[in-house]
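What follows is a single structure, written as structure tokens, with notes after it.
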There are 4 protein chains.
Amino acid sequence: MPTDARQIRSRKALNAALLALLEERSFDHLTIREITARAGTGYATFFRHYPDKEALLNDVATDEIANLLAMTVPVLYEANSYESTMALCRYVAGHSRLWSALLTGGAAAIVREEFIRQARSLVEDVRDGPEWLPSDLGVVHGTGSTFDILGWWLGQENRLDAEDVATILHRLVIAPLIGDKVEKRAAAQ
Amino acid sequence: MPTDARQIRSRKALNAALLALLEERSFDHLTIREITARAGTGYATFFRHYPDKEALLNDVATDEIANLLAMTVPVLYEANSYESTMALCRYVAGHSRLWSALLTGGAAAIVREEFIRQARSLVEDVRDGPEWLPSDLGVVHGTGSTFDILGWWLGQENRLDAEDVATILHRLVIAPLIGDKVEKRAAAQ
Amino acid sequence: MPTDARQIRSRKALNAALLALLEERSFDHLTIREITARAGTGYATFFRHYPDKEALLNDVATDEIANLLAMTVPVLYEANSYESTMALCRYVAGHSRLWSALLTGGAAAIVREEFIRQARSLVEDVRDGPEWLPSDLGVVHGTGSTFDILGWWLGQENRLDAEDVATILHRLVIAPLIGDKVEKRAAAQ
Amino acid sequence: MPTDARQIRSRKALNAALLALLEERSFDHLTIREITARAGTGYATFFRHYPDKEALLNDVATDEIANLLAMTVPVLYEANSYESTMALCRYVAGHSRLWSALLTGGAAAIVREEFIRQARSLVEDVRDGPEWLPSDLGVVHGTGSTFDILGWWLGQENRLDAEDVATILHRLVIAPLIGDKVEKRAAAQ
DNA sequence: CTCTAATCGAGACGGTACGTCGCGTCTTACG
DNA sequence: CGTAAGACGCGACGTACCGTCTCGATTAGAG
């Protein structure tokens, strides 16, 4: 972690510039020159902080992905899965600015892969679900679908409420994976 | 459609070369020079057939995607959705060489997007599912998840039988979308 | 020499096309495709007649250059050099269409070099002028300057009469080379 | 004018490489890749300095041409034209390395045209020679012939002395243009 | 006048050079 | 004396032409 104030300023500027540009164009088609121009830093300065474009994306996304995963994975084990799903959706809604960029921006596909990759290494060998469902596939499907549904949600003009999305997510993804029926009672409250 | 024997030969060579290289490396990191070298054609010849790399990928994938979608979408409407799911899995197993490249190769993300894009424009305004589920999200989730599960399947060392995959696919994706319970009876036969 | 009517037609068309295009653009910047398009022949047909662009230019120019040289070289030996100069100018005036293309068109530099090359090999070791003037330089200067003056003449909007040009040519080039004073008497007639 | 040491180094390397290659091959048949390879610079660097091959040639030649012209044109007006001609020849002999490349190398034709072009725009409307000689033709012939004779001189194995060439140049070109007889007296000294 | 072989148009192909763009490194001039 | 500015080597891009080649379609001239 850098302590020099200038370094911190540069990193923040680069991160913000990347997120801003991802709302306009696909990640692959961004150039480092564009990012540095937007960030207001020198071109070479970029390389003093990151070896390449992907590294910057990682720096922006990896922590956030870990945070989100920390809320997603337990959903599959929690006693009350619907409540957990709700918490997940509320968290995303609370950070919608950043997650809009990551879930619907030009880097969605890359972030999605990283999301699943982290999930896989997190759950490794831990879970034992129903016998008809290979555990690895459960993780891939669960995290992938969750990512997609959240991405769809944030990509809409008129966004649904977090509650509605939680319901959908639970019915389409969570419940089929764990056979939970709790949602209806929770929703009935 | 070209009729000249030379054009047909070149196109086939380029298509095959792309599929071969996709088994080794990510689509973005392929160069056109590599593709033409592998195909045994001249570099400039590539551009006589396709404006860019993406166009070649489309030429390879679009028709196959349409075929697969023609089997996927009806699954959601068929009386016996489990049988339809089985048919889908058997079709993929029957063309596993090509679909391995498209589903698990370096272009999976792009093919996935095209798969969903085609599905969306196919189903446009047609379907009316349960009221709690926006129809567009149903399509995105259904096709996306199907794509992922098939991709996971073909990416495994020891592949499951088509029947097992159909069961999983039906339980995780199809049934939750349409509330069908038919699978169990069918599987019981 | 081809006898087939089709071959003759093609060659003529190509020759004419080259001359026409040379009035518009430099020889180097002409493409064979342009020439064949202008000639109304197929692209490959060009190569059935000439191995490359230069060969076509040679076919157009070489004979004409030889003709002109046959009138130029003797000028330096003739008893009455001014009369010979006049004859030369009249000949050029009589074929001004072709010579305009060759002397002022986009191939002038190449034709000039060929003109001097032919002259050099024609006069080889023959001439013995004044001792202060190396014979080879005499040829180079004589033919080169003649070419330039004729080129300047045909490139003018309002062309001088052949007589005036002959006078200039004789005073500037011929007389200094051979010390002839005959012109004045001839002009006085 | 660039001040950055790297830019200056690159430009010098490119200029030298061009002159070196011109001693071996014709300008048209040089490729930019060859020039940069010889210069030891990257291919793209060429275009950071010059838009094309011609621009590099100009950069090499234009100043030198201007210098030489500054000595050539006055020859026609100076009181003692023979002395001026001598000075011209001595100047060329003093820079024979460079002028050999420009006058006899593969770019001679192009340099020649530029030489005449500059002379024409320099003398524009100034000179009034004898009435039988159009002033523009006088310039074209004078500069063109001077160029040729100097080129012939530097192209010889055993070069004549500058004095001899000055004599030839004066007798063949200068004197006929201006009617000067001074040379003989000067040479007689 | 007919048949057969040469010539033609069309244009795809393998090459090679072009001029452009972006990367990641490394030097330089300036503050 | 440190840092931004940016020149550089590299390598892929997409374009343009070259000269070769394979097609049928046509057409000239020998029989």
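Convention: sequence-line order gives letters A, B, ...; per-chain numbering from 1.
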_Measure CZ/Phe46(A) against P/dT25(E) and give the value in whole Å, please._
11 Å
*Please tell me which of Arg9(C) and Arg33(A) maps to the more 5' nucleotide of DNA chain F, matching each residue to the nucleotide holding its nearest heavy atom.*
Arg33(A)
*asked:* In whole Å, I'd like the distance from the CZ atom of Phe47(D) to the P atom of dG9(F).
replied: 13 Å
*Separation of atom CD1 in Ile35(D) from atom P in dG19(E), rounded to whole Å*: 10 Å
_Please list all pairs meeting salt bridge (charged side-chain N to carboxylate O under 4.0 Å, His left out) that have one or both residues in residues 31-43 of chain B, counting only residues at least two apart or in different chains._
Glu24(B)-Arg38(B), Arg25(B)-Glu34(B)
*Identify the two heavy atoms, one from Val111(B) and one from Ala61(B), that lie closest to each other, and give their separation to 0.1 Å.*
CG2-CB, 4.5 Å
*Please report, rounded to the nearest Å, how far the C1' atom of dC13(E) is from the CG atom of Leu14(B).*
12 Å
_What I want to find out is whether Asp148(C) reaches Arg112(C) closely enough, with some N-O distance under 4.0 Å, to be called a salt bridge._
yes
*asked:* So which atom in Gln7(B) and which in His49(B) form the shortest heavy-atom distance, rounded to 0.1 Å?
replied: O-CE1, 3.6 Å
*Do Leu102(B) and Leu19(B) come close enough that some side-chain heavy atom pair is under 4.5 Å?*
yes
*Rounded to whole angstrom units, what separation is found between the CG atom of Leu56(D) and the C1' atom of dC18(E)?*
16 Å
*asked:* I need a per-nucleotide contact map over nucleotides 2-10 of chain E, read 5' to 3'. Cutoff is protein heavy atoms under 4.0 Å; write B for the base, S for backbone only, - otherwise.
replied: ----BBBBB
*Which atom pair, heavy atoms only, marks the closest approach of Leu21(B) to Ile35(B)?*
CD1-CA, 3.7 Å
_Within residues 23-32 of chain B, which residues have any heavy atom lying less than 4.0 Å from an atom of DNA chain F?_
Thr31(B), Ile32(B)
_Along DNA chain F (nearest heavy atom to each residue), the more 5'-positioned of Glu34(B) and Glu34(C)_ = Glu34(B)
*asked:* Angle between ring planes, Tyr50(A) versus Phe46(A), binned at 30° and 60°: parallel, tilted or perpendicular?
replied: tilted
*Can you measure from CZ (Phe115(C)) to OG1 (Thr62(C)) and round to the nearest 0.5 angstrom?*
12.5 Å
